[in-house]
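Numbering of ligands and ligand atoms starts at 1, following listing order. Heads up: numbering here begins at 1 and tracks the sequence.
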Amino acid sequence: MGNFIERGGVTAPGLSHEKLWEFVPTVKKGDTVVPGMVIGEVQETNILTKIMVSPRSKGGKVTEIKSGEFTIDDVVCTLDTGEEIKMMQVWPVRVPRPVTEKQNPDIPLVTGQRILDGLFPIAKGGTAAIPGPFGSGKTVTQQALAKWSDAQIVVYIGCGERGNEMTEVLTEFPELEDPKSGKPLMERTVLIANTSNMPVAAREASVYTGITIAEYFRDMGFDVSLMADSTSRWAEAMREISSRLEEMPGEEGYPAYLAARLSEFYERAGHVETLNHESGSVTVIGAVSPPPGGDFSEPVTQNTLRIVKCFWALDAKLSQRRHFPAINWLNSYSLYLDTLSSWYDENVSPEWNGLRVWAMEVLQKEAELQEIVQLVGSDALPDEEQITIEVARMLREIFLQQNAFDPVDTYCSTEKQYDIMKSIKVYAELAYGAQRIGVPPAKIVTIVSKNDLPQVKFMKDYKSEIVRITKAMEAEVGTLREAYQK
Ligand SMILES: Nc1ncnc2c1ncn2[C@@H]1O[C@H](COP(=O)(O)OP(=O)(O)OP(=O)(O)O)[C@@H](O)[C@H]1O
Ligand SMILES: [Mg+2]
């Protein structure tokens, strides 16, 4: 026995068959149960796992229900149809688990990442792709999402990527605390380790196993988020298996059913009413790695793009400039903006949606002005646009840039996101106001009080500091106005 799987394969039981679990029934003898219904609960780590009647059962009347410690192979409930229910459920991974109904995804998955929550939000039950060239930050972004998104269960599939990334998750997650529950993050995380040195067929298995586990927890009424890093390795596995089966190759050698397989996978995401009539969701976020030198026109990215509703495009130029997360704000998008806007209105601020629109306008304006700036420098721009350039720089460097490795900055609450964005807007209004009465832009963009703003990101108790900086900016611009008004 070495470190590698031998020819012929191995069978490894996924679950311990000896361990005893405390089963607490929630139905009693004589009750009628239907498919998907919860019959009892088991406390597993800090997650209260529900034991459900299989969706494939016909249901019936409970003739016996047990209580106490059992293994997953023991029968805990018997129905009048003769069916015996165990705590373990078997399910074919390629078949989506049924639900009562799909619902509108109208609650955001808060990620704690400013560029995502602020500009390109994703809904609970939504789909997103993170395409990006080698080393642009796909894994760091996926891991940040696994750590900080406000899902109750996280399924992380390492599919065909480096083993050390899996080790990182295994060593880091038990040390990190869930910002909501205060418990170790590992307790809500399911990790599917399928590293690059494993057989390609295992990649298929890892993706389908992951989504099925996610659906299983969703059926208990949880909000689950699933990260797959990287779906391109799975697509390559499809290509390899398909060519060995001597199937007709499609675009770039991928099988003709590539698009269908990808969409079947992403379609298993959703905000649903479960068979047990609770609300649950599966959010699917897949990384896509175009081949070296390749761009987003390759088949996996293109086919993914057609399906997902959030596109967070990583950009090699940004990562080379050390702008992290290297998500390009000009070609990324979210199709959930409209459905989520009322949630942000009610839960963050009625100003939130307006601030986002304003920030996007400033950033787009900057992109238009970039060409002129590169040719003749920003001094040649009209006064107002010189200020726009400075405001855009602040948005990029203070709001968009976020250090995943800083203990505080790695997670930013929506309240803090709002406060930071708002303080930049305050500066913008002061600056345009002063420029209109004739203060030279060079004076306005160099006020010193705003230099403390970037530090706010790294402070846990930042509120009083933001108030102090805002007052200082008002005072400094006020002095400038007085000097030029005379
Ligand atoms: N948000 C971030 N904050 C700080 N540094 C980052 C961030 N995102 C990425 N980086 C830097 O970029 C490096 C590469 O990121 P990562 O490993 O996630 O890239 P990748 O796209 O997954 O690459 P590969 O294609 O090799 O899998 C990281 O090691 C880190 O130094
Ligand atoms: Mg990676």
Quiz item: So what's near the Mg ion (ligand 2), protein N, O or S atoms under 2.8 Å?
Solution: T139 OG1
Quiz item: If you count only heavy atoms, which residues are under 4.0 Å from ligand 1?
Solution: P133, F134, G135, S136, G137, K138, T139, V140, E161, R162, R322, F324, P325, Q402, N403, A404, F405
Quiz item: Does E267 have any salt bridge (Lys or Arg N to Asp or Glu O under 4.0 Å) partners at least two apart in sequence or in another chain, and if so, which?
Solution: none
For residues 198-208, run the donor-acceptor check on the side chains, cut-off 3.5 Å, and write out each pair with its distance to 0.1 Å, sequence neighbours left out.
residue	atom	partner	partner atom	Å
R203	NH1	R233	O	3.0
E204	OE1	R94	NH2	2.9
E204	OE2	W234	NE1	2.8
S206	OG	N194	OD1	3.1
S206	OG	R203	O	2.9

Quiz prompt | Contact summary for P325 and L400, nearest pair of heavy atoms | solution = CD-O, 3.6 Å
Quiz prompt | Side-chain heavy-atom pair L226, I213 within 4.5 angstrom cut-off | solution = no
Quiz prompt | K471, NZ: over 12 other non-hydrogen atoms inside 6.0 angstrom | solution = no
Quiz prompt | Heavy-atom side-chain proximity of I115 to Q402 below 4.5 angstrom | solution = no
Quiz item: Picking from D150, D223, T283, what satisfies side chain to side chain donor-acceptor pair (under 3.5 Å) with K124?
Solution: D150
Quiz item: Which heavy atom of W343 sits nearest a heavy atom of V348, and at what distance?
Solution: CZ3-CG2, 3.9 Å
Quiz item: Do the side-chain N and O atoms of W312 and T141 include a donor-acceptor pair separated by under 3.5 angstrom?
Solution: no
